[in-house]
Amino acid sequence: MPLSKTDFTTRLLQDAQIGPGMRVLDVGCGSGEVSGLLARLVEQDGAVVGIDQAEAALALARERPVPKGAAHPEFIACDLHALPASLGLFDAIVGRRVLMYQPDAVRAVRALGKLLLPGGVMVFQEHDNTLTPASLVPFPLHRKAQLWLQRMLAHEGADLHIGFNLQRIFSEAGLAVEDLRAEALLQTPDMPYALGEIIRACLPRIIAHGVATARQVGVETLQARLDAERRETPGVYIGDMAFGVVARKR
Ligand SMILES: C[S@@+](CC[C@H](N)C(=O)[O-])C[C@H]1O[C@@H](n2cnc3c(N)ncnc32)[C@H](O)[C@@H]1O
């Protein structure tokens with residue numbers, strides 16, 4: 001499958017000149033979706049290392065098929081603050097939806113900067129869905145589901161507004177910010193939108209923080225009810241806001 005030109009992550013990585021032959025670190029790689037994109041961009045002469053503290057997510061990442069011509073990503077379990085020196089240095093360090101979970105994002109970026117070659121880039125994508133949902137007509141179930149996620153993240157101490165802090169974070173960490181962007185992620189009635197599945201994955205945390213009960217969420221029918229709401233409501237719906245930053249090591 002060709003790389004999607006409309007995907008925010010792909011465009012951010014391509015605009016940051018991530019390309020053939022580069023050695024790239026994917027921080028907080030989770031189940032490896034971004035690592036897979038990177039592997040195709042750097043091609044077989046390049047290298048991708050994905051690190052994450054969650055073994056279960058890495059097991060999924062290791063199962064992803066590698067398309068012909070792409071690099072074979074290597075996945076390592078570790079905390080971003082305890083990266084082994086044996087990892088070596090990278091042309092680029094990339095992360096998506098990971099800095100918002102760090103208690104001290106400046107410290108995290110400084111630690112990662114030690115693994116970046118001089119002149120190398122950091123490319124991070126973070127999200128803020130407190131600005132959404134936005135629509136002319138109400139989408140009450142979508143709004144409710146997003147509030148569950150926001151409240152869960154707030155309980156966990158995540159920085160829900162990190163997009164607005166990216167310029168400061170990377171500057172304070174000593175990097176030169178070259179690109180900062182934000183984009184509304186818009187849904188039309190016919191576009192697949194897996195909000196119900198995201199809620200399913202987060203359900204234990206939503207319940208543990210007392211944000212909602214299993215009965216209130218009704219996860220078995222949630223995705224179908226969300227799909228019906230989008231089908232039956234005229235107009236488009238903005239479900240999330242993506243922020244991207246590209247910063248260079250001097
Ligand atoms: C929301 S997921 C994003 C996964 C992936 N980047 C993506 O966009 O598909 C955040 C990931 O960051 C990882 N993570 C958070 N803090 C970390 C840390 N200090 N060291 C390593 N991994 C971390 C979590 O384990 C989780 O897999």
Side-chain angles (χ1 to χ4, degrees), residues 3-4 7-13 16 18 24-41 48-65 73-85 87 90 92-116 122-130 146 148-163 166 169 173 183 185 193-195 197-206 209 239-246:
L3 286 164
S4 163
D7 171 62
F8 181 88
T9 309
T10 304
R11 276 185 281 112
L12 180 65
L13 296 172
I18 307 286
V24 186
L25 178 67
D26 181 13
V27 181
C29 63
S31 60
E33 189 180 318
V34 175
S35 306
L37 281 178
L38 290 166
R40 293 164 78 181
L41 289 173
V48 176
V49 179
I51 68 108
D52 202 289
Q53 63 194 3
E55 274 287 4
L58 291 176
L60 296 174
R62 291 189 186 104
E63 279 173 16
R64 280 182 186 269
E74 181 189 356
F75 294 103
I76 298 171
C78 65
D79 188 285
L80 69 84
H81 288 288
L83 295 171
L87 280 183
F90 293 88
I93 297 181
V94 168
R96 185 175 72 179
R97 293 182 189 267
V98 62
L99 287 181
M100 65 183 291
Y101 299 107
Q102 306 312 314
D104 184 342
V106 175
R107 183 170 155 256
V109 173
R110 276 205 192 109
L112 292 169
K114 292 181 183 145
L115 296 192
L116 197 58
M122 283 212 204
V123 187
F124 276 79
Q125 174 180 338
E126 300 291 330
H127 286 246
D128 182 343
N129 73 5
T130 63
Q146 288 204 312
W148 290 331
L149 290 176
Q150 285 167 22
R151 289 183 185 143
M152 176 199 83
L153 289 169
H155 274 280
E156 294 175 353
D159 180 356
L160 296 178
H161 304 295
I162 192 159
L166 289 173
I169 290 166
E183 189 171 302
L185 303 181
Y193 184 40
L195 181 56
E197 295 312 317
I198 296 169
I199 298 280
R200 182 192 293 278
C202 294
L203 191 58
R205 291 152 67 196
I206 290 173
H209 294 302
D240 203 357
M241 185 74 77
F243 287 78
V245 64
V246 178

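Start at 1 and go down the list; that is how both ligands and their atoms are numbered.
Protein heavy atom nearest atom 20 (N) of ligand 1, with residue, atom name and distance: Leu80 N, 3.0 Å. Nearest to atom 10 (C) of ligand 1 among the protein's heavy atoms is Arg97 O, 3.4 Å. Shortest contact from atom 4 (C) of ligand 1 to any protein heavy atom: Gly28 O, 3.4 Å.
Contact annotation for Cys78 and ligand 1: only backbone heavy atoms (N, CA, C, O) come within less than 4.0 Å of the ligand. Counting heavy atoms under 4.0 Å from ligand 1, residue Val98 touches it through the side chain alone. At a 4.0 Å heavy-atom cut-off, ligand 1 touches Gln102 through the side chain alone.
Crowding of Arg151 atom CZ: a count of heavy atoms from other residues, nucleotides or ligands under 6.0 Å not exceeding 12.
For the pair Ala108 and ligand 1, no heavy-atom separation below 4.0 Å is found. The closest approach between Cys29 and ligand 1 falls below 4.0 Å for a heavy atom of the residue.
No salt bridge links Asp7 with Arg96; every basic N to acidic carboxylate O contact stays at or beyond 4.0 Å.
Closest non-hydrogen pair, Gln102 versus Ala108, comes out as CG-CB, 4.1 Å. Of all the heavy atoms in Pro84 and Cys78, the pair that sits closest is CD-SG, 4.2 Å.
Side-chain contact annotation: Thr130 with Gln150, donor-acceptor N/O pair under 3.5 Å absent.
Checked by atom type and distance alone, the side chain of Gln125 never pairs as donor or acceptor with a backbone atom of Leu12 at under 3.5 Å.
Checked options Leu116, Val48, Ile93, Leu38; the residue passing with Leu25 is Ile93 (criterion: side chain to side chain contact (heavy atoms under 4.5 Å, CB included)). When each of Val24, Leu115, Leu83, Ile76 is tested with Val49 by the rule side chain to side chain contact (heavy atoms under 4.5 Å, CB included), just one qualifies, namely Ile76.
Near Ala54, meaning under 4.0 Å from any of its heavy atoms, are these atoms of ligand 1: 25 (O).
Selection from Glu33, Arg96, His81, Gln53 by nearest heavy atom to atom 8 (O) of ligand 1 gives Arg96. Looking at Asp52, Ile51, Thr9, it is Asp52 that brings a heavy atom closest to atom 26 (C) of ligand 1.
Note: no N/O pair closer than 3.5 Å links Val34 and ligand 1 by distance alone.
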